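Structure first, commentary second.
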2 protein chains.
Amino acid sequence: MKEDYKKTDDGYEYKYPRAAITTDCVIFGFDGRYLNILLVERGIEPFKGSWALPGGFLKMDERVEECAFRELKEETSLEPEQIEQFGVFSSLDRDPRGRVVTVAFYALVKRTHVIGGDDANDARWFPIEDLPPLAFDHKEIIDEAMLALKRDLHHQPIGFMLLDEQFSMPELQRLYEAILGRHFDRRNFQKKMMASGIVTPTVYSESTGHRPSKLFTFNPLEYKKMKEENTNGKEF
Amino acid sequence: MKEDYKKTDDGYEYKYPRAAITTDCVIFGFDGRYLNILLVERGIEPFKGSWALPGGFLKMDERVEECAFRELKEETSLEPEQIEQFGVFSSLDRDPRGRVVTVAFYALVKRTHVIGGDDANDARWFPIEDLPPLAFDHKEIIDEAMLALKRDLHHQPIGFMLLDEQFSMPELQRLYEAILGRHFDRRNFQKKMMASGIVTPTVYSESTGHRPSKLFTFNPLEYKKMKEENTNGKEF
DNA sequence: CCTTAATTGTGTAATTATGACGCAAAACTA
DNA sequence: TAGTTTTGCGTCATAATTACACAATTAAGG
C-alpha cells in the first residue's frame, strides 16, 4: 500500500484535513421485564463523569467491526456473539474535541454475563425508559438503535441472544413486548412462535409461586436457516 | 470547537494516524424492465478508466449525507429526493491509496432524469445483471445495496421514486419483480397494491399496441403515513 | 384441609389475508 | 373478421391472524 501520510516528530501529516473515526456500541440486555442498555462512566474529558456508550477511536490495522469489538471488550469485558451496524453519525459539532465521525453498532447480550469494568470507569445497566443524561449525541444514537432493533426483530432470531438457554414462553413474550412496545395475546403469541419452528419445548418445568411454566429452547437449525434467509421477508 | 490538528506548510498534522472518509452512492434506476445502476468512469488513478460508484472524500464542513449528495451532483448532476445509508466498508486494503473508510448510500431516481456527466468522466446506466468490472470493492457494495433495497421495499414506499408520476399496474409489478427477483401473479399483485391504499387509479388510459392499461398514481397521504410508521411491521 | 390469588396451559370460532386460477374485453395485425 | 397480445375483473380454497373462555398448578392464609 502506498503511504498516504508523512510521519513527523509530532504525529502524522496529511495533505487534506481528516475527521477522526470512532465506533460506539449500544448494548441491549433484558432483565426479564425491561430492556436495558449498558453505559460506561467517562473517566476523562470531555463529558468526564457523564454516562456514555462504550466505544473509541479506530486504529489503522482494524476494520470498524473489529474496533467496536475491541473497545467493547476493553471497557466492559463483554464479547457478544454478534454486532450489527446500524448508522453513521457525523454532525459537525457532535464532539467538542473536533471533527469525529462515529459508526454505531448494537449488540445483544444475556444479562447474566454482567460486567467487571475492566477500565477505570464504571459500567452499569440502565432501563431503556430511564436513562441518565448522556454524553455527546449518544441519546440520539440509542434512539436509532431502538428503531433498528425493532426492525430487525422480525427478520433475525436476535431475541434469543437476550435470554438464557432455557426460557418460558411468558419470558419470551415479555421480551418481545419490551422491544416492540406493544402487547400480545398470550395464546396467539405462543401459537405463532411454535408454528415458526424456532422454539422447541423441553418438557422440564420449574417451581415458582404459581403454576410452573414449560421451558423452551430455540432451535439452532431454524436459527441458522433464518439467518441465511433474512431477506426473504418471512416474519416471525 | 477546540482545534484537533496543527496546520503545517504541507498539510494537516494529527497526533494519531487517521483513515480518510469517503462516501459512495449506489443509484438505482428502472428502464421498465430491468433494474439499472449508474456508474461513472474514473478519470484518475487508481483504477483510471474503470467503472465505479459516484462518490468522494468527506469535507470538514459537511455531514456524510451532504457529502454523498454533493459528490453525486458533481459527478452525475443528479439530485435525488432521498438517500439511504446502508453500510460502512472498512477493509484495510480496499483502496490502494491508503486507509480509506467509505460510507455507502443508495438512492432511487427516475430514468427519465438522465445524466449529463458534469465532470470529465463519463456516466452510464448498467443493468444490474450485466455490470462491468468495478473499481475498489464497489461490486461488494452494490451487492449489499441490493440486499438493503430488497429489505426496504416492503417498509418504505420507495418503488414510486423509480416510476413516473403515472404508471400502469404492470409497470409497477415489473419493478417489484426486478427488485425482488421473483414472479407475482398479476391479479393478486394488483389486489394487494389496491388494498394497501398506496395507489389510486386515475381512470385515464393510454394508447398502446394492445388493451390499454389503467394508470395509477401513488397516494401521497398513505406515502407519508408509511414513512412515519415504517417500524410498525406493516408490509406492502 | 379448604379457599383464594396469581399465573400458566390449552382449544375453538370468526375474520382476514394469501395464492391459484378462468374468462371476457380492448387494441393491433393480418 | 379472426388471431394475438395484454389487460381488467372475479371466484374459490387454503392459510394466517385475531378474539375470546375455561381448566390446571402452585403458594399463602384462615
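To find a chain, count down the sequence lines: A is the first, B the second, and so on, and within it residues start at 1. Small disclaimer: the values here were computed from a predicted structure and weren't measured.
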Check: What residues form a salt bridge (charged side-chain N to carboxylate O under 4.0 Å, His left out) with D31(A), not counting sequence neighbours?
Finding: none

Notebook entry, point to check: With K191(B), which residues qualify under salt bridge (charged side-chain N to carboxylate O under 4.0 Å, His left out), at least two apart?
Noted result: none

Starting at atom [atom1] of [X], determine the distance to atom [atom2] of [N], rounded to an integer number of angstrom.
X: D185(B); N: dG22(C); atom1: CG; atom2: P; answer: 11 Å
X: Q190(A); N: dT18(D); atom1: CD; atom2: P; answer: 16 Å
X: M193(A); N: dA16(D); atom1: CE; atom2: P; answer: 15 Å
X: Q173(B); N: dT6(D); atom1: CD; atom2: P; answer: 13 Å
X: F167(B); N: dT7(D); atom1: CZ; atom2: P; answer: 15 Å
X: F184(A); N: dC20(D); atom1: CZ; atom2: C1'; answer: 18 Å

Next item on the list: Could you run through nucleotides 12-19 of chain C and give me one letter per nucleotide, 5' to 3': B if any protein heavy atom sits under 4.0 Å from the base, S if only the sugar-phosphate is that close, - if neither?
Entry: B-----SB

Note to self: So for the helix from dC1(C)-dG30(D) to dA30(C)-dT1(D), with five pairs setting each end axis, what is the inter-axis angle to 10°?
What the structure shows: 10°

Item checked: Donor on one side chain, acceptor on other, E171(A) and Q173(A), under 3.5 Å -> no

Next item on the list: Please determine, by modelled atom types, if D152(A) and Y106(A) share a side-chain donor-acceptor pair under 3.5 angstrom.
Entry: yes

Atom pairs under 3.5 Å: protein N/O with N/O of nucleotides 23-25 of chain C:
from	atom 1	to	atom 2	distance (Å)
dA25(C)	N3	R211(B)	NH1	3.0

Please check this pair: side chain of [X] against backbone of [Y], looking for a donor-acceptor N/O pair closer than 3.5 Å.
X: D185(A); Y: N188(A); result: yes
X: H138(A); Y: A52(A); result: no
X: D164(B); Y: F167(B); result: no
X: E66(B); Y: R63(B); result: yes

Notebook entry, point to check: Which nucleotide in the list dC9(D), dT25(D), dT10(C) gets nearest to the side chain of K214(B)?
Noted result: dC9(D)

Note to self: Over 60° means perpendicular and under 30° means parallel, so tell me whether F189(A) and F184(A) are parallel, tilted or perpendicular.
What the structure shows: tilted

Note to self: So that I know where these two stand, are F136(A) and F47(A) an aromatic pair - ring centroids less than 6.0 Å apart?
What the structure shows: yes

Note to self: Under the rule for side-chain hydrogen bond (donor to acceptor under 3.5 Å, both in side chains), what residues qualify as partners of E79(A), not counting sequence neighbours?
What the structure shows: none

